[in-house]
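Below is one structure; the comments refer to it alone.
Throughout, a chain's letter reflects where its sequence line sits, starting with A, and its residues are numbered from 1.
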2 protein chains.
Amino acid sequence: MSLPAQKLELPVDGRQSETALAVARGTARLLHAHGFCVVSELPLPSGRRADLVALDGGGQIWIVEIKSSIADFRADQKWPDYRLHCDRLFFATSLEVPCEIFPADTGLIVADAFGADFKCEAPEHKLPAATRKAMMLLFARAAAMRLQSLVDPTGPYGDWD
Amino acid sequence: MSLPAQKLELPVDGRQSETALAVARGTARLLHAHGFCVVSELPLPSGRRADLVALDGGGQIWIVEIKSSIADFRADQKWPDYRLHCDRLFFATSLEVPCEIFPADTGLIVADAFGADFKCEAPEHKLPAATRKAMMLLFARAAAMRLQSLVDPTGPYGDWD
């Protein structure tokens, strides 16, 4: 039987600029081409939110922090925290931001809304097994709960995050 | 800054009856009350699809098979396969289907579109660690990819599954 298509409304994300959203979209497409799927704005145990958390079929976890301007990067003193939650850490930015401002020991992705390229590889720092399991659970449950709140908007699933 | 809300269209699922969709929704709400989030129609390594796969914050995995009629249950000879992919196995059905048709060694949930109750507890058969990791990855990646295909419908994410 054929049921009517459901119209869903994605919550507005007022926290991110249009540039940041474009960089996120292009970066997610690049990561997909490398076998990773992505959850955006994932709250971590530290209380911070990771812009993009990427998970591949082997359980490898990358975090990508999006910086849409020089000021945006300079305002963030706490980005090294993200390393504790991933196997590789990247920044992603737009073509307009000079690559030189980013730290040498992180990866760098340059993106627009349609795609992205790796500019620098990221060093690997493998997660302990327990942290990997905790991150996989956070990732899985955030993605599933967001889908559930879209599919059943009158259900008990609360807001987007 | 405030961006316009995105209108999303959830793919039509022509595989499931209206009763099955109602039972799925009510069951997912019950599972949420017990700390589980849910991915529906998850393809398993065996090639079969699990109607609902539920994951709790500790990594426990339950599978719920939805049977919307006696005929629907009798047509399925392969349901014991699902046990290999979960810690507990349940059937879920509507109020109209007699509970007696379901096997005694599985759990049973009775649901409508608004909620559900456990009618029988399910015995526990703990997954091996490698199978649990594989199931968590399947669950996480399916949920993330479905969200990505909704958020970026012109991206490379393909169909719903």
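Summarising the geometry of B:His32 relative to A:Pro156, their closest heavy-atom pair is CE1-O, 3.2 Å, with the distance given to 0.1 Å. A pairwise comparison of heavy atoms in B:Arg141 and A:Cys37 identifies CG-SG, 3.3 Å as the closest pair. Here the closest non-hydrogen pair linking A:Leu55 and B:Ala140 is CD2-CB, 3.6 Å. A pairwise comparison of heavy atoms in B:Gln148 and A:Ala28 identifies NE2-CB, 3.8 Å as the closest pair. Annotation for B:Asp56 and A:Leu137: closest pair O-CD2, 3.5 Å, computed over non-hydrogen atoms.
By the 6.0 Å contact criterion, CZ on A:Phe114 is open, its count of non-hydrogen atoms from other residues, nucleotides or ligands being 12 or less.
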>> For a side-chain contact (heavy atoms from CB on, under 4.5 Å) check, start with the C-alpha distance between A:Thr154 and B:Arg25, then their side-chain angles and the critical distance, and finish with the verdict.
In response: CA-CA 11 Å; A:Thr154 61; B:Arg25 194 177 87 159; 4.1 Å; yes
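Taken together through direct or relayed side-chain contacts under 4.5 Å among Ile, Leu, Val, Met, Phe, Trp and Tyr, B:Phe139 and A:Met136 form part of one hydrophobic cluster. Transitive grouping of hydrophobic side chains (ILVMFWY, heavy atoms separated by less than 4.5 Å) keeps A:Leu108 and A:Ile66 in distinct clusters. Residue A:Val97 is not grouped with residue A:Ile109 when hydrophobic side chains (ILVMFWY) are merged at heavy-atom distances under 4.5 angstrom, including chains of intermediate members. In the hydrophobic cluster analysis, where Ile, Leu, Val, Met, Phe, Trp and Tyr join through side-chain heavy atoms closer than 4.5 angstrom, A:Leu42 is grouped apart from B:Met145. Clustering ILVMFWY residues whenever any of their side-chain heavy atoms sit less than 4.5 angstrom apart, transitively, puts B:Ile70 in a cluster other than the one holding B:Val110.
Heavy atoms of B:Phe36 lying under 4.5 Å from chain A belong exclusively to its backbone.
Put simply, CZ on A:Arg132 and NZ on B:Lys133 are 6.0 Å apart, with the number rounded to the nearest 0.5 Å. In this structure, A:Ser40 OG and B:Leu147 CG are separated by 8.0 Å, a value rounded to the nearest 0.5 Å.
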